[in-house]
Amino acid sequence: MDELAQKIRQIPDCELFLDHDLTTYTTFKLASKGDLIEVKSVAGLQSLLKILNLSNRGYLVVGWGANQILPSECHDLIILLNFPFNKQDLNELKDHYDLPASLGLNHLTSCAVKLGLKGWDVFTGIPASLGGAIFMNAGTNLGEIGKLVKKVTLVTPQGDLREEIISDESFSYRKNHFVKPGEIIVSATLTHFGVDPLIPQKIKDYLEYRKSTQPLATKNCGCVFKNPYKSLPAGKLIDLLQLKGVGLGDLRISPKHGNFMENKGQASWDQFKSLVELINFEMDHFYGIEFELEVKIPYN
Ligand code: EPU
């Protein structure tokens, strides 16, 4: 890493932290260590990716870390985007908004409340950065983010900028079909479906619903699994098998919502993997299905 570290330290707008405690960079807070780079400009990211790819070093972007698991020893380099943003840009009604990938969705929800933007209620309560939410086509029972995205700008592994014009084929349930291996989303153009004075109340009601059904005050990673069927969500299936509350060490399946796991303190990556295996063993045994993870895990 020494030679690579020296090169990275010369890139403007990039700050490198070696052997860093990464525990607090995910909302699940499983103990984790590794190398971290904070990147404060798109140009900085372009230079960084060029260098990383020439040196064959793996990397991974962590946004809000809400739907992300990091292993105890992270071999991939963790990239944290922190691009500048003028909050004034979200104060006025426009047809579309050009926004940085590092922007938190909470800013978009505030804008939706202020301006009554139809369709933007979909951001409500999703703890994510815009880039992370687009990458996984995040959604709730109010809809999916992909429906609002018009254009996405990415940095390629070679350090070039690439624009993707979004079509009906660009997204499916919790998936994008256009980010190529090694590419990183840096900004996006979002639209809306007009103005609706009922949006602020809709957002308020939805937040109440989430508060009453999900363990929001705990250390968790959002929904662990994708729903295998719309009519039979993962949380309901886990609930039907009476697995809520089942745990290993400091990790347990939430007693409040079956598709959440709670870290009560020192839960580990190994415990997470074991609990996922246990749930999938039970699912296979009783229903003949296995869940797919919604939460992102790096393989190392
Ligand atoms: N249910 C149970 N038991 C449980 C959990 C749920 O019976 O333990 C039932 C509920 O009563 C409801 C149905 O299952 O009838 C669906 O539950 P919920 O409304 O909580 O929605 P979900 O499908 O479990 C999805 C998203 C969540 C999002 C909620 C609410 C997925 C995988 N999850 O959950 O997103 O917050 O809708 O809009 O699509 C996330 O992506 O990280 C996430 C938490």
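Atoms within a ligand are numbered from 1 in the order they appear, just like the ligands themselves. Heavy atoms only: backbone and side chains are in, while hydrogens, waters and symmetry mates are out. Numbers here are sequence positions counted from 1.
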Where do Glu15 and Arg9 land on the salt bridge (Lys or Arg N to Asp or Glu O under 4.0 Å) test, with the steps shown first? CA-CA 7 Å; Glu15 201 171 349; Arg9 289 209 162 102; over 6 Å; no
Apply salt bridge (Lys or Arg N to Asp or Glu O under 4.0 Å) to the pair Asp35 and Arg57, showing each step before the final yes or no. CA-CA 11 Å; Asp35 300 332; Arg57 178 79 202 257; 3.6 Å; yes
Should Ile37 and Leu48 be marked as a side chain to side chain contact (heavy atoms under 4.5 Å, CB included) after you check the CA-CA gap, both sets of side-chain angles, and the distance that decides it? CA-CA 9 Å; Ile37 301 179; Leu48 176 67; 3.6 Å; yes
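Close contacts of ligand 1 with Pro233, meaning ligand atoms under 4.0 Å from a residue heavy atom, involve 13 (C), 14 (O), 16 (C), 23 (O). The contact set between ligand 1 and Gly222, taken as ligand atoms under 4.0 Å from a residue heavy atom, comprises 42 (O). For ligand 1, the atoms closer than 4.0 angstrom to any heavy atom of Asn67 are 42 (O). Near Thr140, meaning under 4.0 Å from one of its heavy atoms, ligand 1 places the atoms 38 (O). Under a 4.0 Å criterion applied to the non-hydrogen atoms of Asp239, ligand 1 contributes the atoms 2 (C), 3 (N), 4 (C), 7 (O), 8 (O). Near Tyr209, the atoms of ligand 1 lying under 4.0 angstrom from a non-hydrogen atom of the residue are 18 (P), 19 (O), 20 (O).
Closest to atom 8 (O) of ligand 1, if we only count protein heavy atoms, is Gly258 N, 2.8 Å. Protein heavy atom nearest atom 23 (O) of ligand 1, with residue, atom name and distance: Asn227 ND2, 2.7 Å. Closest to atom 40 (C) of ligand 1, if we only count protein heavy atoms, is Glu294 OE2, 3.1 Å. Annotation: atom 21 (O) of ligand 1 to nearest protein heavy atom, His257 NE2, 4.3 Å. Of the protein's non-hydrogen atoms, Asn141 N, 3.9 Å is the one closest to atom 37 (O) of ligand 1. If you check which protein heavy atom lies closest to atom 38 (O) of ligand 1, you get Tyr206 OH, 2.5 Å. Regarding atom 15 (O) of ligand 1, its nearest protein heavy-atom neighbour is Lys236 NZ, 4.6 Å.
Taking any N or O of Lys226, backbone or side chain, none lies under 3.5 Å from an N or O belonging to ligand 1. Distances between N or O atoms of Gln214 and those of ligand 1 include at least one value under 3.5 Å. Remark: ligand 1 and Lys256 share no N or O pair separated by less than 3.5 Å (distance only, no angle test).
A salt bridge does not link Lys33 with Glu73: none of the charged nitrogens is closer than 4.0 Å to a carboxylate oxygen. With salt bridges taken as basic N to acidic carboxylate O contacts below 4.0 Å, none links Lys226 and Glu294. The pair Glu164-Arg162 meets the salt-bridge criterion, since a charged nitrogen lies less than 4.0 angstrom from a carboxylate oxygen. In summary, Lys256 and Asp239 do not engage in a salt bridge, as defined by a charged side-chain N under 4.0 Å from a carboxylate O.
Residue Phe291 forms a ring-ring contact (aromatic ring centres under 6.0 Å, His included) with just one option from Phe281, Tyr229, Phe225, and that option is Phe225.
Under 4.0 Å from ligand 1, the heavy atoms of Phe225 that appear belong solely to its backbone. Contact annotation: for Tyr173 versus ligand 1, heavy atoms closer than 4.0 Å belong to the side chain alone. With a 4.0 Å heavy-atom cut-off, ligand 1 is reached by no atom of Leu142. Both the backbone and the side chain of Cys223 come within 4.0 Å of ligand 1, counting heavy atoms alone.
Counting protein heavy atoms under 4.0 angstrom from atom 2 (C) of ligand 1 gives one or more. Within a 4.0 Å radius of atom 19 (O) of ligand 1, the protein contributes at least one heavy atom. Distance remark: protein heavy atom not present below 4.0 angstrom from atom 11 (O) of ligand 1.
The stretch residues 84-110 participates, sequence neighbours left out, in these ring-ring contact (aromatic ring centres under 6.0 Å, His included) pairs: Tyr97-Trp120.
Contact annotation: the side chain of Val155 never approaches that of Asp160 to less than 4.5 Å [non-hydrogen atoms, C-beta and beyond]. Contact annotation: the side chain of Gln271 approaches that of Leu251 to within less than 4.5 Å [non-hydrogen atoms, C-beta and beyond].
In this structure, CG in Asn91 is found 8.5 Å from CG in Asp89, a value given to the nearest 0.5 Å.
Contact between Arg174 and ligand 1 is present, with at least one heavy atom of the residue lying under 4.0 Å from the ligand.
Of the listed options Gly235, Ala138, Gly143, Gly139, Gly235 places a heavy atom closest to atom 4 (C) of ligand 1.
Taken together through direct or relayed side-chain contacts under 4.5 Å among Ile, Leu, Val, Met, Phe, Trp and Tyr, Leu90 and Ile203 form parts of separate hydrophobic clusters.
Listed by chain and residue number, nothing satisfies the salt bridge (Lys or Arg N to Asp or Glu O under 4.0 Å) test with Asp21 (two or more places apart in sequence, or in another chain).
A donor-acceptor pair is defined here as one N or O able to donate and one able to accept, closer than 3.5 Å; such a pair exists between the side chain of Thr27 and the backbone of Asn220.
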